[in-house]
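Working notes for the structure below.
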Amino acid sequence: MKIKSIGILLILSAQMNLSAQSFSNPLSIPSTISATNIVLSVQNGTVSYYPGFITNSIGFNGNYLGPTLLMNKGDSVNIQVINTLSDTTTVHWHGMHVSPQNDGGPHVTIAPQATWNPRFKVLDDASTHWYHSHLHMHTAEQVAKGMAGLIIVKDPTEAALNLPRTYGIDDVPMVVQSRAFTASKQFDVMSAVDSVVLINGTKNPFVQLPAQVVRLRLLNGSNMRAFNFGLSNNAQFFQIASDGGLLTAPFSLSRLLLSPGERAEVLINLSGLQGQSIFLTNYGNEIPNGIYGAANPAAMGMGTIPNYASNGINGSATHLIRFDVVAQTTNAVNSIPASLVQLNPLNPANSNITRNLTFTPMMMGGGGGLNGPFVINGTPFDMMTINYTIPLNNIEIWSLTNNSPIAHPFHIHNVPFYILDINGNPPPPSLAGKKDVVLVRSQQTVRFITQFTDFADEVFPYMYHCHMLVHEDEGMMGQFLVTSPATQLSETSNNQKNIEVYPNPNKGYLYVSSKQKALMVLSIELSDVQGKVILETEASVSHSSPQKINLFQENQISPGIYFISIYQDNMPAYRKKIIITE
Ligand code: C2O
Ligand code: CU
Ligand code: CU
């Protein structure tokens, strides 16, 4: 560790914005759900951050944010998302590798009072993901009100490492979000005065941590802001994971920049510090201009955002949470592992295509093109336009060029990627693991490589977008289909071959049948192209006893394009596009 002179420390503290902030609220630790049958109720709630004011919020199974979902790689999870709001919503499993119908993008809406029932097998390696609303044009609003939660995926490789993993004790989840409030102390989505930082929904938090190696799972769940995390004593810490899971080895650093949507797992060594307090600090004073959170959000001083300059946390160092160091636990981890996992980045020589995506302001405008809307390749998002159709298993290089004055965190659904280079240079260790969000600074070109495996679907697209949620809502988003000539099945299954659905196209009735002699108990769902389930039924079928489904008379379904999804033992078994004619 580098020893800084007292003189430098004094200068550093002079730049800090630490006036009168007392950290007196115990950090809320989200409850956990580890069952594979998960019920998430999206509900209106209230929180109280200012004496005499009630702030309206939205939570999952509570007032604000949601429980941490603990999943094991290989689990089959069955989730009921019950929307008790009077508004439509969606829930997206950010970072998870699932089929598009289960991914919870803007096409898979949940109407008020409706329940959405995604089912999928957990294919991800150990990682920290999150879930949040993805409602078209309302993501920023619903997330700001509290529609977010963490997902922790575990696997045997991670379990074999000597890492802290006692949830809430030495493995601490931290959803870090800056928030603005209106005069009546309601969440203000469009304001640039997001000067209140909540961690797990707690304002001015402190937490007791044991005097040993502690793991923090950091999520930047802010709508717009990047954080530059560091410890107030400037101690080194160790990054062990990025968005998609563990790095090859712990990487020692004293600052970690995380933009909206990004996650990192870090180890901090508190050994020998019992009785002391240190802070997790946002070194906003060191964020380069051109990133939301710096003194100037525009690169090279081009333009301003209204009221940005009056937000005291922009461009200054601010403490976020106080760590009070207490006695060691009985099974303390006291060392940092030398290495973590083997990663196998894709070889650019094997790529099938390079796609170029360029970010620009839609128009330059008064703010110097800083205030948005921003667009990708000149066109705003259109629900009805598929921007790319990608053959299943394609290996692709995406080259992202930012020709706007502000940095944008670019996110892609479904697959993690490896960054190949940033302006031609290899990524630093923090960015060399599996990623699903990358901050592309003004005038930068970032190239990443990924492969579109497992899930093909002719109708439901996956999304890519800026994770500054106001930018996303305003159209800095696109969508792609992954298609396969061989099969239309979205989820892994052995039964696609055994189930038959005919005739297709049909004139108002369908048969569901099996090639097997034994009876198969199936649950059958018909959904429209927006993903809304319009018919649900159960059937026992075999080769000699198909089930007839009468679409017109009994079910009042009108001609059009639909999807049939068939589940066996709650797991996806068959999926196909169905055309119903007059
Ligand atoms: Cu975190 Cu498309 O989302
Ligand atoms: Cu996502
Ligand atoms: Cu953006």
Side-chain angles (χ1 to χ4, degrees), residues 89-100 102-108 118 124 127-140 142-144 147-151 175 177 192 219-226 243-244 258-263 290-293 297-299 305 357-362 367 369-377 380-381 383 400-417 434-442 444 446 450 460-480:
T89 192
T90 78
V91 178
H92 166 56
W93 321 105
H94 177 132
M96 296 201 75
H97 181 48
V98 298
S99 72
N102 286 316
D103 186 52
H107 294 270
V108 188
D124 303 85
S127 45
T128 305
H129 297 316
W130 63 305
Y131 58 100
H132 62 77
S133 160
H134 215 304
L135 184 64
H136 185 38
M137 300 195 295
H138 298 278
T139 299
Q142 293 193 337
V143 173
M147 276 192 69
L150 283 176
I151 302 169
V175 179
Q177 301 173 303
L219 159 67
N220 183 346
S222 299
N223 282 17
M224 301 293 274
R225 172 172 307 278
D243 307 331
L258 277 193
S259 60
E262 286 188 294
R263 289 87 69 208
I291 296 174
Y292 192 110
I305 293 174
L357 291 85
T358 303
F359 312 157
T360 55
M362 196 144 83
L370 190 60
N371 293 301
F374 297 94
V375 288
I376 300 174
N377 289 348
F381 176 67
M383 273 294 242
L400 315 169
T401 300
N402 183 357
N403 286 338
S404 82
I406 189 168
H408 300 279
F410 181 88
H411 169 54
I412 184 169
H413 287 209
N414 179 31
V415 282
F417 54 76
K434 282 181 279 186
K435 292 284 295 164
D436 57 55
V437 179
V438 59
L439 185 68
V440 186
R441 301 184 194 193
S442 181
Q444 264 186 350
V446 174
T450 190
F460 288 106
Y462 289 111
M463 320 307 293
Y464 58 85
H465 56 89
C466 177
H467 222 289
M468 289 163 87
L469 299 180
V470 174
H471 295 179
E472 174 195 329
D473 281 340
E474 290 178 345
M476 196 176 178
M477 178 154 73
Q479 51 190 351
F480 61 96

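Counting convention: from 1, in listed order, for ligands and their atoms alike. Not measured: the values here are computed from a predicted model.
No donor-acceptor pair closer than 3.5 Å links the side chain of S259 to the backbone N or O of A226. No side-chain donor-acceptor contact under 3.5 Å links N403 to the backbone of T360. For the pair Q479 (side chain) and M383 (backbone), a donor-acceptor distance under 3.5 Å is present. Using a distance-only test at 3.5 Å, with no hydrogens or angles considered, no donor-acceptor pair links the side chain of N414 to the main chain of P100.
Near-neighbour remark for the Cu ion (ligand 3): protein N, O or S atoms under 2.8 Å are H408 ND1, C466 SG, H471 ND1; waters not counted.
Taking 2.8 Å as the threshold, H92 counts as a candidate ligand of the Cu ion (ligand 2), since one of its N, O or S atoms lies below it. H411 lies close to the Cu ion (ligand 2), since one of its N, O or S atoms is found at a distance under 2.8 Å.
The aromatic rings of H94 and H467 are tilted relative to each other, their planes meeting at an angle between 30° and 60°. Taking the six-membered ring where tryptophan is involved, the planes of H92 and H132 are perpendicular, since the angle between them exceeds 60° and thus also 30°.
Proximity of D243 to E262: side-chain heavy atoms (C-beta onward) are separated by under 4.5 Å at one or more points. Contact of the N402 side chain with the R441 side chain is not registered, since no non-hydrogen atoms from C-beta on lie closer than 4.5 Å.
Protein-derived N/O/S atoms nearer than 2.8 Å to atom 1 (Cu) of ligand 1 total 3, waters excluded.
Minimum interatomic distance between S442 and I406 (heavy atoms only, all atoms of both residues): CB-N, 4.3 Å.
Paired with H471 under the rule ring-ring contact (aromatic ring centres under 6.0 Å, His included), one option of F381, Y292, F359, F374 passes, and it is F374.
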